[in-house]
Amino acid sequence: MLNIRIEKTTTPKELPSKDNPLRFGTIFTDHMFIMNYDEGKGWHDARIVPYQPLNLEPSAMVFHYGQEMFEGLKAYKTEDGRTLLFRPDKNIERANRSNQRLCIPEIDPDDFMDALKAIVEMDEAWIPTKEGTSLYIRPFVIATDPFLGVRPSSSYLFIIILSPVGAYYPEGLDPVKIWVEDEYVRAVKGGIGAVKTGGNYVASMKSQVKAHDEGYSQVLWLDGVHRKYIEEVGAMNIFFKIDGTIVTPELSGSILPGVTRASVLELCKEWGLPVKEERISIDEIYEAHKKGHLEEVFGTGTAAVISPVGQLRWDKHIMTIQGGGIGPISQKLYDTITGIQLGRIKDIHNWTVEVK
Ligand code: COI
């Protein structure tokens, strides 16, 4: 059991009101978890303290070379008052795979789980209960050595902050419009596209700004070599239903292995739907659309859950899907996953972990 020192806030903030729409990632709870790493000492000094600014040297390596890892998962309050985390073990495994790739020391998975449970339990009054809301959990590690040479840092901070959230997109469960990017690229095999780190997200911003200006919510990335094969949406993995078959890009090494992606694949297989994880090109999607075979498109992610896509724009082609509405599989997946997360549907997969 991780030994966590606790310092409670003496000035608790006001909880958001029940009708606050909770825009994604704008409100933070009263406390945060912190643990230090120093070479020779390992991870040490785990503590929960009031949510507060960090005191870092301007020369801290994270500011210069971006050595940082982050994760995203959610906590939910069930109708009978239990607090549930959704597949936290998967986030912990992925965090340590990211840490390995980014030369950040790994965190003991049991300590990570103890830290998650402790900080969520501390601020559980902040878990919102309105339909479509949850407590978003953002664990991250930053490199703190005050040094301008390029090498892995020898000191780090592991921090967990919490934010009560509503839907990631202002559209909620209404379908989003997505721009297929064929000029900029996000990642290439052998790079860091498969790990969760800020660099992948800053790589996406130029293109996202362009897409926003054109009235699109997000960008769908194509592979960095051929600019042809579908990758992911940046904040989500992407799925297509083509002529009855659920298709998603295979984990190529340059896309993020999403926890919701894995859950959707398992559910679709259990429901007897034909499922393919394979390389699929934007031309194939366009052809399927022209023939009337592109039945549904949806994104999956922790923040976004299931996000139906009503329109894809690729070059001059505009593909409208499901008449711009939500398809039956997208709706069923959303209802099932949120039902399990909220304890309304029996969790036969043991995906939820109770806090306490
Ligand atoms: C998540 O779904 O948790 C993510 O990390 C996406 C994020 C960029 C909001």
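Indexing begins at 1, ligand by ligand and atom by atom, following the structure's order. Just so we're clear, the structure is a prediction, and the values are computed from it rather than from any experiment. Just so it is clear, the values below take in all heavy atoms, side chains as well, and ignore hydrogens, waters and symmetry mates. FYI, the numbering just counts along the sequence from 1.
Within the structure, the ring-ring contact (aromatic ring centres under 6.0 Å, His included) test picks out the following pairs touching residues 91-117 (sequence neighbours left out): Phe112-Phe158.
Ring-centre distance between Phe24 and Tyr136: below the 6.0 Å cut-off.
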Taking only distance into account, with no hydrogens and no angle test, what donor-acceptor pairs under 3.5 Å do side-chain atoms of residues 50-65 form with protein atoms, sequence neighbours excluded?
unit_1 : atom_1 : unit_2 : atom_2 : d
Gln52  : NE2    : Pro50  : O      : 2.7
His64  : NE2    : Pro58  : O      : 2.8
Tyr65  : OH     : Leu148 : O      : 2.4

Can you list, pair by pair, the side-chain donor-acceptor contacts under 3.5 Å of residues 177-193, counting residues two or more places apart and other chains?
unit_1 : atom_1 : unit_2 : atom_2 : d
Glu181 : OE1    : Ser207 : OG     : 2.5
Glu181 : OE1    : Lys210 : NZ     : 3.2
Glu181 : OE2    : Glu183 : N      : 2.7
Glu181 : OE2    : Tyr184 : N      : 3.1
Glu181 : OE2    : Lys210 : NZ     : 3.1
Glu183 : OE1    : Lys210 : NZ     : 3.1
Arg186 : NH1    : Gly193 : O      : 3.3
Arg186 : NH1    : Ser254 : O      : 3.0
Arg186 : NH2    : Gly193 : O      : 3.1

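Relative ring orientation between Trp314 and His317 is described as tilted, the plane-to-plane angle lying within the 30° to 60° band.
Protein residues are said to neighbour a ligand when one of their heavy atoms lies under 4.0 Å from it; for ligand 1 these are Phe70, Gly72, Tyr136, Arg138, Tyr168, Lys196, Tyr201, Thr302, Ala303.
Side-chain polar atoms of Asp30 and Thr9 form no donor-acceptor pair below 3.5 angstrom.
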